[in-house]
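The block underneath contains the structure these notes are about, expressed in structure tokens.
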There are 2 protein chains.
Amino acid sequence: MTADIKPGSRRRGTSETSAELPDKESIIGYKLRRAQLLVFQDFIQTFAKMKVRPAEFSVLAMIARTPGLKQTEIAEALGIKRANFVALMDGLETRGLADRRKGDIDRRSHSLHLTPEGERFVRKMIATWNEHENRMIERLGGAQDRDHLIELLDRLLAGEPSPDE
Amino acid sequence: MTADIKPGSRRRGTSETSAELPDKESIIGYKLRRAQLLVFQDFIQTFAKMKVRPAEFSVLAMIARTPGLKQTEIAEALGIKRANFVALMDGLETRGLADRRKGDIDRRSHSLHLTPEGERFVRKMIATWNEHENRMIERLGGAQDRDHLIELLDRLLAGEPSPDE
DNA sequence: TATTGTTATACTCTATAACTATA
DNA sequence: TATAGTTATAGAGTATAACAATA
């Protein structure tokens with residue numbers, strides 16, 4: 001259960017095994033949190049005019065990609081508790097962007113779809129999103145670096161269940 | 001102001017300029033959030049027995065590295081609003097780990113120090129932290145990959161002011 | 001009995017305004 | 001007048017328990 005870190009890589013990082021005081025600049029979780037905050041802040045500013053928050057964006061994008069999924073399926077896939085999903089979906093429905101349809105076979109479930117207005121809204125949303133995402137890719141140094149970052153983050157996430165109930 | 005992404009890197013990522021529906025698996029902010037949540041969850045579990053949360057850890061580590069800093073200096077460096085720092089510091093003081101000393105020159109300010117018990121606590125804390133951090137480094141593939149991840153995150157953060165008031 | 005969606009609720013983080021004591 | 005620390009408070013985001021309708 002000991003770490004067993006690969007050797008020959010101490011060019012710049014801090015100690016792995018000693019009792020050295022950690023510097024926040026080399027702590028994975030700290031840097032991850034700061035970077036995530038920055039990216040979300042850019043996202044929120046970019047989408048302020050459209051009144052779309054990150055969670056709403058991910059729900060709309062997922063309904064657009066795969067219409068007809070059940071509420072619980074979408075909530076689970078995005079790591080949102082189904083209890084908290086209700087108010088989020090209420091908002092999208094009130095704004096006329098998406099709607100719930102009673103399932104034919106299982107009448108407990110709701111399948112989710114975009115309204116025609118929701119379809120139009122999502123098209124504008126994607127354009128705005130490209131603007132934001134390209135800005136982040138530029139900061140990273142290009143799409144290749146983006147791919148590399150995603151790969152490293154996937155390694156952290158590998159084999160983990162969705163953080164849902 | 002258009003993106004101007006480096007060419008020749010479309011091996012795996014999704015489109016940068018079209019109106020394609022984004023897949024959550026290739027969205028920087030989404031992956032960043034999930035990875036950060038996972039790392040913090042591991043941190044919280046690892047430190048459950050010591051009753052130390054991430055913010056408390058970073059404050060204790062910073063006081064240990066640089067004793068005598070003012071409250072506001074530490075709060076700002078860690079991206080914590082000074083109003084929210086008060087309760088956090090109250091907790092550390094109540095537990096006998098750190099204390100505030102009235103500044104000699106400027107008697108409005110408080111300089112922060114560890115108590116002797118705080119020093120002992122921090123030593124145990126660092127050992128526990130190494131356990132957690134090594135687990136994360138292992139997941140990434142080694143210290144070199146950790147360094148690479150930190151570098152990519154630093155690019156996102158480059159030139160940004162601390163997200164403080 | 002179990003599951004889907006729902007309500008109510010609570011707890012943590014974060015954000016802002018206003019106060020006090022010093023400067 | 002401005003600053004350091006503080007208080008109070010409000011808003012997100014997230015977590016759990018329990019209920020009604022349906023399976």
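Values reported hereafter were calculated over all heavy atoms of this structure, with side chains retained and with hydrogens, waters and symmetry mates removed. Sequence lines set the chain letters: A, B, ... in the order given, protein chains first and strands last, and positions in each chain run from 1.
To the nearest 0.5 Å, the span separating CD on B:Glu56 from CZ on B:Arg95 amounts to 5.5 Å. The structure places CG of A:Leu157 at 5.5 Å from CG of B:Leu38, a figure rounded to the nearest 0.5 Å. The CG atom of A:Leu21 sits 9.5 Å away from atom CH2 of B:Trp129, with the distance rounded to the nearest 0.5 Å. Rounded to the nearest 0.5 angstrom, A:Arg33 CZ and A:Lys31 NZ are separated by 12.5 Å.
Computed from coordinates, the B:Phe85 CZ to D:dA8 C1' distance equals 19 Å when rounded to whole Å. We find that CZ of B:Phe40 is positioned 17 Å from P of D:dG13, with the value rounded to whole Å. In this structure, B:Leu69 atom CG and D:dG5 atom P are separated by 11 Å, rounded to whole Å. At whole-Å resolution of the value, CE in B:Met89 and C1' in D:dA4 are 14 Å apart. We find that NZ of A:Lys81 is positioned 17 Å from C1' of C:dT7, with the value rounded to whole Å. Rounded to a whole Å, the NZ atom of A:Lys70 is 16 Å from the P atom of D:dT22. Rounded to an integer number of Å, the gap from B:Ile80 CD1 to D:dG5 P is 13 Å. If you measure from atom CZ of B:Arg33 to atom C1' of D:dA12, you get 13 Å, rounded to the nearest angstrom.
A side-chain donor from one of B:Asp42 and B:Thr46 sits under 3.5 Å from a side-chain acceptor of the other. Side-chain polar atoms of B:His110 and B:Lys102 form a donor-acceptor pair below 3.5 angstrom. Using modelled atom types, one finds no donor on one side chain facing an acceptor on the other under 3.5 Å when comparing A:Arg82 with A:Gln71.
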Practice task
Dump the intermediate steps for side chain to side chain contact (heavy atoms under 4.5 Å, CB included) on A:Glu133 and B:Ile28, then the final yes or no.
Solution key: CA-CA 8 Å; A:Glu133 195 77 354; B:Ile28 296 166; 3.4 Å; yes
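Open room surrounds NZ on B:Lys51; 12 or fewer heavy atoms of other groups in view lie less than 6.0 Å from it.
Proximity note for B:Ser109 (side chain, C-beta onward) versus D:dA4, C:dT4, D:dT6: the nearest is D:dA4.
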Practice task
Can you check each nucleotide of nucleotides 18-23 of chain C against protein heavy atoms at under 4.0 Å and return B for base, S for sugar-phosphate only, - for none, in 5' to 3' order?
Solution key: ---BBS
Exercise for the section: Starting at the 5' end of nucleotides 8-13 of chain C, put B wherever the base has a protein heavy atom under 4.0 Å, S where only the sugar-phosphate does, and a dash everywhere else. Expected result: -----S
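Between its opening and closing five pairs, the helix from C:dT1-D:dA23 to C:dA23-D:dT1 changes axis direction by 10°, a value rounded to 10 degrees.
Taking 4.5 Å as the limit, every side-chain heavy atom of B:Lys24 sits out of range of all side-chain heavy atoms of B:Arg34.
In this structure, A:His148 and B:His148 have tilted ring planes: the angle between them lies in the 30° to 60° band.
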